[in-house]
Amino acid sequence: MDPVRKEEFDSGACGSLAPKTKACPRPKPGEAAGGCSFDGAQITLLPIMDAAHLVHGPIACAGNSWESRGALSSGPSLSQYGFATDLNDSDIIFGGEKKLKESIDYIAGRFAPPAIFVYSTCVTALIGEDMDAVCKEAADRLGIPVVPVNSPGFVGSKNLGNRLAGDALLQYVIGTGEPEPEMQPGVNLIGEYNIAGEMWDIEKLMNSAGIAVTSRITGDARYKEIAWAHRARVNMVVCSRALLGLAREMESRYGIPYFEGSFYGAKETTYSLRQMAYLMNDRDMERRVDRLTEREENRLAQDLRPYRKLLKGKKAVLYTGGVKSWSVISALKELGVQVVGVGTNKSTEDDVRRIADRVGDDTEYIPEGGASRILKTVKERKADIMIAGGRNMYVAMKEQIPFIDINQERHKAYAGYEGLLRLAKELTYSLANPVWKLAASPAPWDREAPPYDR
Amino acid sequence: MTVNRRKKPAAVNPVKIGQSLGAVLALQGCYRAMPLIHGSQGCSAFPKALLTRHFREPIAVQTSALQEMDVIFDANRNLEEALNIVLSKHRPDIIGIVGTELTDVAGVDYQTMLKTYKRERNMRGGLAFAVVLPDFRGSLESGFSSAVEAMIDELIQQVGHRGSRNVNTRQITLLPGSFLTPADVMELKEMISSFGFDVISVPDISTSLSGHLLTGFSPLTRGGVPLDSMLQSLQSGLTIAVGGSMERPARRLHNALGTPYKVFSGAMGLKATDELLHFLHQISGEPVPLRYCWQRENLLDGMLDAHFQFAGISAVAALEPDHLYSVSGWLEELGVEQKALIASYETPLVAGMEREVWIGDLDDAEVLGKGADLWISSSHGIAGAGRIEAAFMPAGFPVWSELGAYMSVSVGYRGAMEWSNKAGNLLMRREAERRESSVRHR
């Protein structure tokens, strides 16, 4: 069996480059939640830490969104700057291309970044700004890459934005640079954004098995390493189906095999590391991976013992985007937590299939419907905890339901063996917190019997 | 005195926030309300995420989820669909349709569409209004005040000319500006009502975003001023607006109903609070309650204690215009040198200030404020403050780097004292850290 190729499953995926059999669902006015394509493109590219990211449009797109993600950097921080052309009325009437050109020059002159990414927004797309031309002209003049990212918010969902960002990398970045000659060829991690430093845990594992990372696409990345991504031996698509197209295109262009994997849960982590070594076609490496994963799994089993006891039989409702829904289920299962409800709003058919492989028949699927719908499942299934993104955190607090944040704004890393232990601890802290009892008990005067003088 | 701009083509680390977010904030202060943003999905997702992070509360907002083809063919079809769903599923009392840069550049006429919609469906009982708020103008503050203005317009229209106005001189309408925290609004309501007035705050975030455990979650807003009270506020004998941006809605009430109004540009610091309490004392004929006399003493004593700390200290502040005006007045009273004042956009209030004001971003704060000891801005400023080695004091919007920011008080004597102590403590800690780092270990 060849585990690499699964085209027949993926052709319908929302994020794939293959001709679609089914279009991405249209967001429903009055019921839609979640970000737009512009948001998605930023999620993918902002973790390129040393590059400048310039938003071409009126202030809201940049002003309301900069510094909202938990992607960490081990050094450069230019990507954490909020750059915007901040168009006003007259810019829109007379065109903002001149301002864009000047902004690029200004950023290049003052911050000397290795590259500048320029994002289009609804308004600049609507008034027909020729961003590609401005970027090309600026790149030629300044001698640094200026990459146009054509992903205005109104073209579609966040997923599509991830994919469009991947397209920009393929078209303008990957294959434009070469690694240092002494660098050992290794693996590209695609779609891992170093949220809360997860990438660092993963890299530590890979290093101890002797697997080199060629490029991080894009968690804690530097621009130049993405330029040489075509020199990798293997691509791993980590939890981001939207970038499958990128992996597939790299396979056909550069002959790099790819696989989809996850680092949530010990089993998934072990599988991913094994898969890397297998595709690298290196017997020694495979043996090293086996030794490492065995050692780590044993140690983890020891460390997890006290938490497992407490978590066994607890019920959780999981509501998170796309791939994370199935990969987190594995992690929770290993801790003995039963997933009684799972969100499938952003999942593809393939994701849903994988979810089905991992949960029991009585698990409820939550296709869409936002906070009220999730709460309904929590109540009906008597769940002990809700696991979702930051936007739903305070919804859970209002209903006094224990909560764990699993999305991009969070501050805890849950990847790898270390991450699973951390997840077990967080679940325990959350469930055992004294506040739940305190909040549920009334004030003493509300507890009193009515006055007797009646 | 003067308003300046540094010459540079791009905004670097903006202070400015999209206007539509201000409107969403204003609507959070109304009971059972739903802001409906007419734009693409991100236009509602970003404000929702940002407001949630700041207030640590669920935020009610919906979107017409425009996509490319909708904008080209007929964006209002989406709006109609969204209205249908919101009305049938949630039955809100108040709907505010908030336009965005996208709809306004595309030239979508949603105001007329709403009128037709209301007529055709014979919508009664609720309040539905539309407000034009492109993001290429103004900032959070103007979005907030424009939304309040549109809301008041609609209230006036709905009551129309039926019946004569029954003026209640013991009732005051409070129009609190966007820079006031829920705790600030609460404090102002208490101050005014302590002189024997009934206060109706429009909007009222003090009962919706102040952290409460009302029964469970709702997709609509919880708490805030109910529609009944808003309609009743039209009978008020006086309007008190806090913040220069709230003058326009106050004037609306004056022009339509003849309600006199008084605008306080700010209510922070000794002088501003004196002015407010003195005014309330004069119009009510009641003595200033004892607790404020005590608070005044407390504040002055606190300022005396703290003045050693503030000696020779300089500050840089980057905030929304009204807020900047207030904070600048407070710094003045502490004797702190104001190295640079940066506003997100220009308003008559900041243009009329005696000090030099810059219209700009946090990068300007970094350049112009070089050497300052204290940095006051939203949480976005942490890195910049670190780079110029100033003590960082989070204020304004958004603040995610500390708990309970939405419950901190800045108005009244109490607010000035809280701020003075907070700033003083930050400066003390900074001094201690510097001393530590200068100690040599062998």
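Chain A is the first sequence line, chain B the second, and so forth, proteins listed ahead of strands; every chain is numbered from 1. Excluded from the calculations below are hydrogen atoms, water molecules and symmetry mates; all remaining heavy atoms, backbone and side chain alike, are included.
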Undergrad: State the OG1-CD distance between A:Thr124 and B:Glu101, to the nearest 0.5 angstrom.
TA: 9.0 Å
Undergrad: What I want to find out is whether A:Glu102 reaches B:Lys8 closely enough, with some N-O distance under 4.0 Å, to be called a salt bridge.
TA: no
Undergrad: Kindly determine whether B:Gln67 and A:Val155 satisfy side chain to side chain contact (heavy atoms under 4.5 Å, CB included), including the steps that lead there.
TA: CA-CA 6 Å; B:Gln67 298 211 331; A:Val155 297; over 6 Å; no
Undergrad: Which answer fits A:Ile93, side chain, backbone, both or neither, if we ask what part of it has an atom under 4.5 Å from a heavy atom of chain B?
TA: neither
Undergrad: Check the angle between the aromatic planes of A:Phe38 and B:Phe46 and answer parallel, tilted or perpendicular using the 30° and 60° thresholds.
TA: perpendicular
Undergrad: Side chain from CB out, backbone as N, CA, C, O: work out which of these in A:Asp86 comes under 4.5 Å of a heavy atom of chain B, or both, or neither.
TA: side chain
Undergrad: What part of B:Thr63 is in contact with chain A, defined as an atom under 4.5 angstrom from a non-hydrogen atom: side chain, backbone, both or neither?
TA: both
Undergrad: With a 4.5 angstrom heavy-atom cut-off, could you sort out which part of B:Ile17 is near chain A: side chain, backbone, both or neither?
TA: both
Undergrad: Tell me, do A:Phe154 and B:Asp70 make a side-chain contact under 4.5 Å, heavy atoms counted?
TA: no
Undergrad: Considering only heavy atoms and a distance below 4.5 Å, find which of A:Thr85, A:Leu375, A:Leu126 pairs most often with chain B.
TA: A:Leu126
Undergrad: Donor-acceptor check, side chain of A:Glu399 to backbone of B:Phe217, threshold 3.5 angstrom: yes or no?
TA: yes
Undergrad: Where is the tightest heavy-atom contact between B:Arg53 and A:Glu67, given as atom of each residue plus distance?
TA: NH1-O, 3.2 Å
Undergrad: I'd like to know whether OH of B:Tyr31 has more than 12 heavy-atom contacts from other residues, nucleotides or ligands below 6.0 angstrom.
TA: no
Undergrad: What pair of heavy atoms forms the shortest contact from A:Gly35 to B:Gln41, and how long is it?
TA: O-OE1, 3.8 Å
Undergrad: For a quick test of reading the model, state the closest non-hydrogen atom pair linking A:Cys122 to B:Leu102 and the distance between them.
TA: CB-CD1, 3.6 Å
Undergrad: Of all heavy-atom pairs between B:Pro47 and A:Asn64, which one has the smallest distance, and what is that distance?
TA: CG-ND2, 4.1 Å
Undergrad: Who among B:Pro134, B:Ser40, B:Ser20, B:Pro398 has the most heavy-atom pairs with chain A under 4.5 Å?
TA: B:Ser40
Undergrad: Is it true that A:Arg110 and B:Asp363 make a salt bridge, defined as a side-chain N closer than 4.0 Å to a carboxylate O?
TA: yes
Undergrad: Please determine, among B:Pro14, B:Ala106, B:Ser44, B:Ala10, the option with the most heavy-atom pairs under 4.5 Å with chain A.
TA: B:Pro14
Undergrad: Is the shortest heavy-atom distance from the side chain of B:Phe136 to the side chain of A:Asp91 under 4.5 Å?
TA: no
Undergrad: How far apart are the closest heavy atoms of B:Pro9 and A:Lys99, and which atoms are they?
TA: O-CE, 3.2 Å
Undergrad: Among the options A:Ser103, A:Cys61, A:Ser65, pick out the one with the most heavy-atom pairs lying under 4.5 Å from chain B.
TA: A:Ser103
Undergrad: Using 0.5 Å steps for rounding, measure from the CG atom of B:Leu362 to the OH atom of A:Tyr81.
TA: 10.5 Å
Undergrad: Could you please spell out the steps behind the side chain to side chain contact (heavy atoms under 4.5 Å, CB included) verdict for B:Arg56 and A:Met397?
TA: CA-CA 9 Å; B:Arg56 298 177 201 262; A:Met397 294 305 103; over 6 Å; no
Undergrad: How long is the gap from CD1 on A:Ile59 to CZ on B:Arg137, to the nearest 0.5 Å?
TA: 15.0 Å
Undergrad: If you draw a 6.0 Å radius around CZ in B:Arg91, do more than 12 non-hydrogen atoms from other residues or ligands fall strictly inside?
TA: no
Undergrad: With salt bridge (Lys or Arg N to Asp or Glu O under 4.0 Å) as the test, would you mind laying out the steps for A:Glu31 and B:Lys89 before giving the verdict?
TA: CA-CA 10 Å; A:Glu31 277 188 312; B:Lys89 275 186 92 170; 2.4 Å; yes
Undergrad: Would you call B:Glu57-A:Lys398 a salt bridge at under 4.0 Å N-O?
TA: yes
Undergrad: With a 4.5 Å cut-off on heavy-atom pairs, point out which of B:Glu80, B:Lys48, B:His90 contacts chain A the most.
TA: B:Lys48
Undergrad: Any idea which of A:Ala439, A:Gly63, A:Ala84 has the most non-hydrogen atom pairs under 4.5 angstrom with chain B?
TA: A:Ala84
Undergrad: Give, as side chain, backbone, both or neither, the part of A:Leu87 having an atom under 4.5 angstrom from any heavy atom of chain B.
TA: backbone
Undergrad: Indicate the atoms forming the closest heavy-atom contact of A:Gly30 with B:Ala82, along with that distance.
TA: N-CB, 3.5 Å
Undergrad: Given heavy-atom pairs under 4.5 angstrom as the criterion, report whether the side chain, backbone, both or neither of B:Val71 touches chain A.
TA: side chain
Undergrad: Under a 4.5 Å cut-off applied to non-hydrogen side-chain atoms, are B:Val12 and A:Phe111 in contact?
TA: yes
Undergrad: Do the charged groups of A:Arg26 and B:Glu68 touch, with an N to O distance under 4.0 Å?
TA: no
Undergrad: Which region of B:Leu87, side chain (C-beta onward) or backbone (N, CA, C, O), has a non-hydrogen atom less than 4.5 Å from a non-hydrogen atom of chain A, or is it both or neither?
TA: neither
